[in-house]
Amino acid sequence: ANFEEDPGSADFLRQYTLDRLPEDPALLMRAAEMLNQQGQFALALGQVNRLLEIMPENHAGNDLRTKLRIAIGEAR
């Protein structure tokens, strides 16, 4: 698959996989945390947003969303 030589393919595969995660709040939160740790803030924000669609009152999700928005310059 040579993902080392083709970052575009690796990015596509990562997004493809994330899009297919089940709507499980714990799984989505863990994915967001892992992506955040990797510096993949936009991808992490996507997973947090999915989590908050299911559980809008999730405090940890809301806190992480705020941190991610600051990290990518969206917070106002």
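Basis for what follows: all heavy atoms, side chains included, without hydrogens, waters or symmetry-related copies. The chain is numbered in sequence order, starting from 1.
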Side-chain heavy atoms nearer than 4.5 Å, only ILVMFWY residues, links allowed to pass through others: does that put [X] and [Y] together?
X   : Y   : value
L18 : L27 : yes
L35 : I54 : yes
M34 : F41 : no

Original post:
Looking at Y16, is R20 sitting on its ring face, NZ or CZ under 6.0 Å from the six-membered ring centre and within 45 degrees of the normal?
Top reply: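 The answer is yes; both the distance and angle limits are met.
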How far does [atom1] of [X] sit from [atom2] of [Y], to the nearest 0.5 angstrom?
X   : Y   : atom1 : atom2 : answer
L28 : R50 : CG    : CZ    : 5.0 Å
N62 : M55 : CG    : CE    : 10.5 Å
R69 : L45 : CZ    : CG    : 7.5 Å

**OP:** Mind jotting down which residue pairs meet the salt bridge (Lys or Arg N to Asp or Glu O under 4.0 Å) criterion with at least one end in residues 26-38? Sequence neighbours excluded, please.
**Re:**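 Found R30-E33.
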Subject >> Polar side chain donor-acceptor pair, Q15 to D19, under 3.5 angstrom >> reply: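 A donor-acceptor contact under 3.5 Å links the two side chains.
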**OP:** Looking only at non-hydrogen atoms, find the nearest pair between A31 and Q47 and report the distance.
**Re:**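 Closest pair (atom of A31, atom of Q47, distance): CB-CG, 4.3 Å.
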**OP:** Looking only at non-hydrogen atoms, find the nearest pair between N36 and A44 and report the distance.
**Re:**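 Looks like N-CB, 3.8 Å.
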Original post:
Considering the options D63, N58, L68, L43, which one meets the side-chain contact (heavy atoms from CB on, under 4.5 Å) requirement together with V48?
Top reply: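 Only one option passes, and that is L68.
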Original post:
Does a side-chain heavy-atom distance below 4.5 Å link E57 with L52?
Top reply: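 No, too far: nothing below the 4.5 Å cut-off.
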